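Structure, as structure tokens:
Everything numeric here is computed off the predicted structure, so don't read it as measured data. We name chains A, B, ... by the order of the sequence lines, and we start the count at 1 in each one.
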2 protein chains.
Amino acid sequence: MITVTTNSGDSATSQPEKTARHKRGSGRERVLDAYAQVLREEGETAATLDEVARRADISKGGLLHHFGSKEALMEGLLGRMKELNEQDIAATMRAGGDGIAAYLHSSMQAEDDYSDTFIAILKLAGSGHENVDQALRAAFNAWQDELDKVISDPVLSRLVQLVGDGLYVHALIGRDVDELDLQVIDRLTKRTES
Amino acid sequence: MITVTTNSGDSATSQPEKTARHKRGSGRERVLDAYAQVLREEGETAATLDEVARRADISKGGLLHHFGSKEALMEGLLGRMKELNEQDIAATMRAGGDGIAAYLHSSMQAEDDYSDTFIAILKLAGSGHENVDQALRAAFNAWQDELDKVISDPVLSRLVQLVGDGLYVHALIGRDVDELDLQVIDRLTKRTES
DNA sequence: GTCTATAGGGGGATAGAC
DNA sequence: GTCTATCCCCCTATAGAC
């Protein structure tokens with residue numbers, strides 16, 4: 001009894017155009033790139049000012065000129081996520097025609113600026129920084145709102161989101177996406193009844 | 001075409017009996033309890049030897065007698081998880097009669113020793129400790145194997161696991177379980193075809 | 001705007017008394 | 001088995017030269 005408002009085409013191939021990767025040279029952005037990168041690759045503990053400065057090819061003093069404290073650096077990254085959130089949601093939903101497939105695929109492969117930032121911030125989740133958890137909840141809610149527009153059944157919509165979040169966990173621990181994951185996505189995309 | 005090998009009773013209420021909470025006094029166990037607790041509540045950064053010792057009501061020297069290094073402490077917790085894994089899987093699957101509901105409910109409410117340990121270790125995921133990610137992958141695989149025994153369709157089985165993992169993410173960032181989550185579980189439990 | 005130097009604090013680990 | 005005292009390193013942040 002559930003209807004997915006989509007033209008169910010080839011679900012596994014349609015990919016949206018996301019924000020292009022920027023590795024531009026303006027100091028502030030280079031620092032945020034480096035911070036997000038080290039968070040993704042080695043986690044919170046490894047993300048020291050020294051290491052971030054090293055990756056950004058800048059001195060620690062230079063870094064602290066742009067961001068007066070580590071807290072400020074963190075909020076800088078949260079700001080970037082907030083900034084990219086809307087435009088990425090729009091791009092994901094617009095492009096493929098199929099919201100579910102596009103959403104779930106974007107949960108699997110972090111290859112745009114938004115996903116990079118999002119995954120980096122996930123590494124800071126639940127570690128006492130209330131700002132972080134708040135920003136993450138806001139991001140989740142924004143995606144949920146968008147999914148709700150595309151999927152008429154709210155329960156199915158939530159299910160799709162939970163599956164996407166599950167895929168993030170698997171990525172987090174290095175559990176590779178396999179054929180079954182793709183089949184799950186395929187089934188969620190193609191089925192119009194529960 | 002999917003058949004869930006279960007007596008589909010009242011899915012939302014059946015709860016298994018898990019391992020009882022131990023807050024016993026043997027130094028080693030108290031230390032592991034404290035370590036897991038601080039990881040869950042405040043994350044990896046806050047989990048210093050000083051803080052763990054404080055919570056375990058022991059001195060740092062005393063702690064380091066039981067676990068010679070922080071690395072050893074970590075592996076101690078991994079050992080506990082491995083130890084509890086099998087028995088918790090068995091308890092979860094045995095009790096309710098319905099594997100899906102039991103699994104998903106245990107993903108929501110961490111109130112047994114295994115879940116406590118598991119969530120704590122999740123805070124260490126993707127932070128460069130290869131042991132941790134390996135242990136987590138093993139735990140995920142063990143649950144997957146068990147779900148596969150209960151759910152005849154492997155795609156549905158994976159879907160159920162992904163939803164459970166998604167619930168963990170939501171818990172991680174303090175997004176409370178709501179009515180929709182319960183409805184998702186209910187639907188996954190009751191439906192026998194995709 | 002970027003650098004070096006350094007202060008100040010905290011974390012992990014060792015030594016050795018009890 | 002548990003404690004105190006201590007060492008050393010690294011991390012954040014500040015000061016100030018260029």
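- Taking atom CZ of Phe67(B) as the reference point, atom P of dT2(D) lies 12 Å away to the nearest angstrom.
- One interatomic measurement links the two molecules: CD of Glu42(A) to C1' of dC10(D), which rounds to 15 Å at whole-angstrom precision.
- Considering only side-chain atoms of His66(A), the nucleotide from dT2(C), dA13(C), dT12(D) that sits closest is dT2(C).
- In this structure, the CG atom of Leu73(B) is 10 Å from the P atom of dG12(C), given to the nearest Å.
- Ring geometry, Tyr103(B) versus Trp143(B): the interplanar angle falls from 30° to 60°, so the pair is classed tilted.
- In plain terms, the two heavy atoms of His170(B) and Leu162(A) that are nearest each other are CE1-CD2, 3.7 Å.
- Here the P atom of nucleotide dG1(C) and the CG atom of Asp57(A) are 18 Å apart, to the nearest Å.
- Counting non-hydrogen atoms under 4.0 angstrom, Ser59(A) reaches a base of the nucleic acid.
- For the residue pair Asp148(A) / Gln144(A), a side-chain donor-acceptor distance below 3.5 Å is found, with atom types taken as modelled.
- Rounding to whole angstrom units, CG of residue Leu49(A) and P of dC10(D) are separated by 15 Å.
- Across every non-hydrogen atom of Tyr168(A) and Ser115(A), the tightest pair is OH-OG, 4.2 Å.
- The distance between atom CG of Leu64(B) and atom C1' of dC7(D), rounded to the nearest whole Å, is 14 Å.
- Between His65(B) and dC3(D), a side-chain N or O to OP1/OP2 separation shorter than 4.0 Å is absent.
- A straight line from CG of Leu63(A) to C1' of dC3(C) spans 13 Å, rounded to a whole angstrom.
- One can find a donor-acceptor pair under 3.5 Å joining the base of dG12(C) and the side-chain atoms of Lys60(B).
- The separation between Glu71(A) atom CD and dC11(D) atom P is 19 Å, rounded to whole Å.
- Between Gly61(A) and Thr48(A), the residue whose closest nucleotide on DNA chain D is further toward the 5' end is Thr48(A).
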